[in-house]
There are 2 protein chains.
Amino acid sequence: MSPQPEVTMAQRKRQLVANELSEAALQLLALKGFDTVTIDEIAATAGVSKRTFFRYFASKEDVVVQFLADMGTGMRAVLASRPIEEQPSASLQHTVWVSMAACADHSDRALRVVQLILRTPALRARFLERQDQWRDDLAAELAQRLGLDPDTDLYPQLAAGMALTAFDAVLQRWSGSDGAEDPAELTDRAFATIAPALDSVE
Amino acid sequence: MSPQPEVTMAQRKRQLVANELSEAALQLLALKGFDTVTIDEIAATAGVSKRTFFRYFASKEDVVVQFLADMGTGMRAVLASRPIEEQPSASLQHTVWVSMAACADHSDRALRVVQLILRTPALRARFLERQDQWRDDLAAELAQRLGLDPDTDLYPQLAAGMALTAFDAVLQRWSGSDGAEDPAELTDRAFATIAPALDSVE
DNA sequence: CCTTCAATGGCACTCGGTGTCAAGCAGTTA
DNA sequence: TAACTGCTTGACACCGAGTGCCATTGAAGG
């Protein structure tokens, strides 16, 4: 009768502590501001020690930004899954659209997190850092798809940068409207502006 | 007989200490890596105390990134100085071109600094932060020039983002080639790709 | 000569972050 | 039940970044 449910109890407990920590951090940071809240405070609220906090998260910023971790590899995977015949603008638009949809899905938590990130300089900096890595990933994938040499052609890097510029703009509007504006429609509008540059390669 | 040469000796000394600090930091950081060098070390090399270091620079990253400080306001000023009839792509291209030219001018120092920034994660993060502010500035200037409402139109933000994407790509190539590639030519190529999107507004 | 003011150095302190170690506890084997 | 193993935890010491405070110095100025 399910002696080993594939996940040991230790693993479940670990996940539980991570959630506890994450939730405590989010609440405190949103309430009191990023730099007035100490890690001891967060850890104490979650009922663990400061040392344990750092066994789950690498830094104070990471508690908030961590949920964006695999979004980068996710974006590259989505882009890679598009048909090769598709126009770059369409492939990239779909890629951004999927990420926005992921946010809008659990908009309860995602919206709070995004708003906190965008209005907190230290967190926004980490977010930009992540985006920078995503750009490299997308550029590499684009170069491969189009058979371009990323060392001579500027296109992959520029196209990836434009797509993420669109993503950033859409995310900003979406969070600025408290989730009221439609992510899909915003994405459409942004790519309507950008597309002429993305597809101008022959 | 110029009793007050407009600059007091205290001011000159201040500038001198700043240079000393900046030079010591650049040399040590490039030599030993960003995180293995302590601020005490930098200060000692420059012949001052750690406390004095923080009277000149807000953080360890600032010693390196500081020289980019007014580049942002500079870019906005350049954009604002372009004739209004000019196509946005041309105005923005010129704006980026001026910044690159500023780098290429004192390429002795600028190249070292840029290379250090781009290959050091902590410094690159600060650089991205700065760029983020520049984007806001450029977007605001664009919106004003074109009579657009930045709260409804996505164009200003997107156009500014694309221009800075181009700037980033060009800077990366330039520093990657140790200054061998021509900044002006790189800028031309980048904007050749981007321009169709920038001028598609009617 | 005396005053004023800015720059400095030293010191103590907070906080983020890390290495280390001993203790607690689940699961396993005898 | 006892012993062993492996993982998680808390406590402690420690380092470096960054700040507040105060006493000292030295240049400028009356």
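Computation of the quantities below employed the complete heavy-atom set of this structure, encompassing side-chain atoms and omitting hydrogens, waters and symmetry-equivalent molecules.
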Using whole Å, what does the distance between atom P of nucleotide D:dA17 and atom NZ of B:K60 come to?
4 Å
Within 45° cone and under 6.0 Å: B:R14 NZ/CZ vs B:Y56 ring:
yes
Whole-Å gap separating C1' (D:dG16) and CD (B:E61)
13 Å
D:dA11 P sits how many Å from A:D40 CG, rounded?
11 Å
Is it the case that D:dG20 (base atoms only) and B:R51 (side chain only) share a donor and an acceptor within less than 3.5 Å, ignoring hydrogens and angles?
yes
I'd like to know if the side chain of B:S177 reaches the main chain of B:W174, judged simply by a donor and an acceptor atom lying under 3.5 Å from each other, with no hydrogens or angles considered.
yes
Rounded to whole Å, how long is the line connecting atom CZ of A:F53 with atom C1' of C:dT18?
14 Å
Give one of base, sugar-phosphate or nothing for A:R55, where a contact means two heavy atoms less than 4.0 Å apart.
base
Could you state the atom-to-atom distance from CG of A:L29 to P of C:dG16 in whole Å?
11 Å
Would you tell me if any nitrogen or oxygen in the side chain of B:T52 comes within less than 4.0 Å of OP1 or OP2 on C:dG9?
yes
In whole angstrom, what separates B:K50's NZ from D:dC21's C1'?
14 Å
So does A:S175 get a backbone contact from the side chain of A:Q115, meaning a donor-acceptor N/O pair under 3.5 Å?
yes
Phosphate OP1/OP2 of C:dT8: any B:Y56 side-chain N/O under 4.0 Å
yes
Rounded to the nearest angstrom, tell me the gap between atom CZ in B:R12 and atom P in C:dA6.
18 Å
Intermediate values then yes/no, side-chain contact (heavy atoms from CB on, under 4.5 Å), A:Q157 and B:Q172:
CA-CA 10 Å; A:Q157 202 175 145; B:Q172 207 165 317; 3.2 Å; yes
Taking CZ from A:F54 and P from D:dT9, how many angstroms apart are they, rounded to a whole number?
15 Å
